[in-house]
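Just so it is clear, the values below take in all heavy atoms, side chains as well, and ignore hydrogens, waters and symmetry mates. Lettering follows sequence order; numbering is per chain, from 1.
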2 protein chains.
Amino acid sequence: MAQRKLTSTNTMNRDFLNNTCGMMYAIDMLNGRWALLILYKLENRTLRFSELKKRVPKITDRMLTLQLQELEKNGLVIRSVYAEVPPRVEYHLSESALNLIPIWKQLEKWGDAHKGTMENAMQSAV
Amino acid sequence: MAQRKLTSTNTMNRDFLNNTCGMMYAIDMLNGRWALLILYKLENRTLRFSELKKRVPKITDRMLTLQLQELEKNGLVIRSVYAEVPPRVEYHLSESALNLIPIWKQLEKWGDAHKGTMENAMQSAV
DNA sequence: CGGCATCCGGAATGATACTG
DNA sequence: CAGTATCATTCCGGATGCCG
């Protein structure tokens with residue numbers, strides 16, 4: 001199998017992450033370009049694959065699949081498969097992930113608050 | 001110059017980030033393997049390059065340099081150069097970055113709390 | 001519908017050597 | 001001390017096509 005691994009622990013091993021702090025552990029769990037956005041979109045609802053895809057702009061099937069697998073592996077997202085004729089697969093947040101919501105809220109607030117501040121700096125980036 | 005860009009806005013453009021939510025903007029600012037760890041180590045102190053390097057295990061000069069440049073560019077880290085004979089360069093958090101601290105605290109707590117929960121899931125990852 | 005397999009380019013990171 | 005330059009490698013993520 002080619003790229004099962006989307007992110008998670010390349011340079012640092014699990015011990016290091018555990019010993020350093022829960023934060024780095026968390027960061028490792030949440031790494032990946034789409035992870036946060038997906039969790040965000042699943043904030044308070046259950047969505048199926050195609051619905052999620054619609055709500056995450058520009059993501060490809062492949063990336064959505066890989067990222068969802070990663071999130072499921074990390075225990076943040078629950079995947080439910082229904083054996084129906086057009087197959088139906090739904091995703092929703094786990095308990096752990098639900099506890100992240102308030103943190104996202106703050107991070108979002110921080111982002112909104114500092115967007116302006118950073119604009120100058122970002123000019124040179126583009 | 002080769003790789004000035006460490007991260008920031010590959011797939012999604014700035015507009016998208018701005019329109020979607022401050023969170024994705026924040027994520028983009030904080031992207032990169034070492035960003036969070038560096039900010040964490042600078043939490044309540046000023047450190048010079050070599051000191052930071054000691055505290056960030058396994059990071060290379062190059063990566064530390066690039067990541068610090070990125071953080072400085074994003075307005076999260078302040079770089080101070082002192083024209084001394086052995087050159088001295090110190091880094092500390094900006095106002096914006098200081099506002100992130102409480103969020104890290106929560107994220108760290110979340111990580112600690114859910115480490116155990118995720119262990120089973122992580123088994124299959126290794 | 002909800003994936004997975006393969007190929008591939010570009011970005012991120014590492015290793016090593018060198019400098020003001 | 002605090003980097004920079006260059007080369008090599010690994011990994012992310014997109015495009016396409018196939019399948020139950």
Query raised in the report: Checking side chain to side chain contact (heavy atoms under 4.5 Å, CB included) against A/Ser94, which of A/Leu71, A/Ile78, A/Asn74 comes through?
Result: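 Exactly one candidate clears the test, A/Ile78.
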
Requested in this report: Can you spot which of A/Thr46, A/Leu68, A/Val89 makes a side chain to side chain contact (heavy atoms under 4.5 Å, CB included) with A/Leu52?
Outcome: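 Between A/Leu52 and the candidates, side chain to side chain contact (heavy atoms under 4.5 Å, CB included) is satisfied uniquely by A/Leu68.
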
Requested in this report: Record whether the side chain of B/Arg62 comes under 3.5 Å of the base of D/dT4 through a donor-acceptor pair of N or O atoms.
Outcome: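 When only heavy-atom distances are counted, B/Arg62 does not reach the base of D/dT4 through any donor-acceptor pair under 3.5 Å.
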
Query raised in the report: Salt bridge between A/Glu51 and A/Lys54, side-chain N to carboxylate O under 4.0 Å?
Result: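 Salt bridge: no.
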
Could you check how far [atom1] of [X] sits from [atom2] of [N], rounded to whole Å?
X	N	atom1	atom2	value
A/Asp61	C/dT6	CG	C1'	15 Å
B/Glu90	D/dG3	CD	P	11 Å
B/Phe49	D/dA2	CZ	C1'	6 Å
B/Glu70	C/dA11	CD	C1'	13 Å
A/Gln67	C/dG3	CD	P	14 Å
B/Glu51	D/dC1	CD	P	10 Å
B/Met63	D/dA5	CE	C1'	13 Å
A/Lys53	C/dC1	NZ	P	12 Å

Query raised in the report: Roughly how far apart are A/Leu107 CG and A/Trp110 CH2, rounded to 0.5 Å?
Result: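 So the CG of A/Leu107 and the CH2 of A/Trp110 are separated by 7.0 Å.
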
Nearest of [options] to any side-chain atom of [X]?
X	options	result
A/Pro86	C/dT13, C/dC1, D/dG14	C/dC1
B/Gln69	C/dC4, D/dT4, D/dA2	D/dT4
A/Thr60	C/dG2, D/dA2, D/dG14	D/dG14
B/Arg33	C/dT13, D/dG3, C/dC1	C/dT13

Query raised in the report: For residues B/Tyr25 and A/Glu108, is any side-chain donor paired with an opposing acceptor at under 3.5 Å?
Result: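 No, A/Glu108 and B/Tyr25 have no side-chain donor paired with an acceptor closer than 3.5 Å.
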
Query raised in the report: If you look at every strand shown and take non-hydrogen atoms under 4.0 Å, does B/Thr65 touch a base, only sugar-phosphate, or nothing?
Result: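 Contact class for B/Thr65: base.
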
Query raised in the report: When we call it a touch if two heavy atoms are under 4.0 Å apart, what does A/Tyr82 touch: a base, just sugar-phosphate, or nothing?
Result: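 Nothing, no nucleic acid heavy atom in range.
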
Query - Side-chain touch B/Ile38/B/Lys41, heavy atoms, less than 4.5 angstrom - result: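 Not touching, per the 4.5 Å side-chain cut-off.
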
Query raised in the report: Given side chains that start at C-beta, do those of A/Leu64 and A/Trp34 come closer than 4.5 Å, heavy atoms only?
Result: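 Of all side-chain heavy-atom pairs linking A/Trp34 with A/Leu64, none is under 4.5 Å.
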
Query - Which residues share a salt bridge (Lys or Arg N to Asp or Glu O under 4.0 Å) with A/Arg88, sequence neighbours left out - result: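 If we apply the salt bridge (Lys or Arg N to Asp or Glu O under 4.0 Å) test to A/Arg88, skipping adjacent residues, the hits are A/Glu84, A/Glu90.
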
Think [X] has a side-chain N or O under 4.0 angstrom from the OP1 or OP2 of [N]?
X	N	result
A/Arg48	C/dG2	yes
A/Tyr91	C/dG3	yes
A/Arg79	C/dG3	yes

Query - Helix axis bend for the helix from C/dC1-D/dG20 to C/dG20-D/dC1 - C1'-based end axes, five pairs, 10° rounding - result: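 Comparing the first five pairs with the last five, the axes sit 50° apart.
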
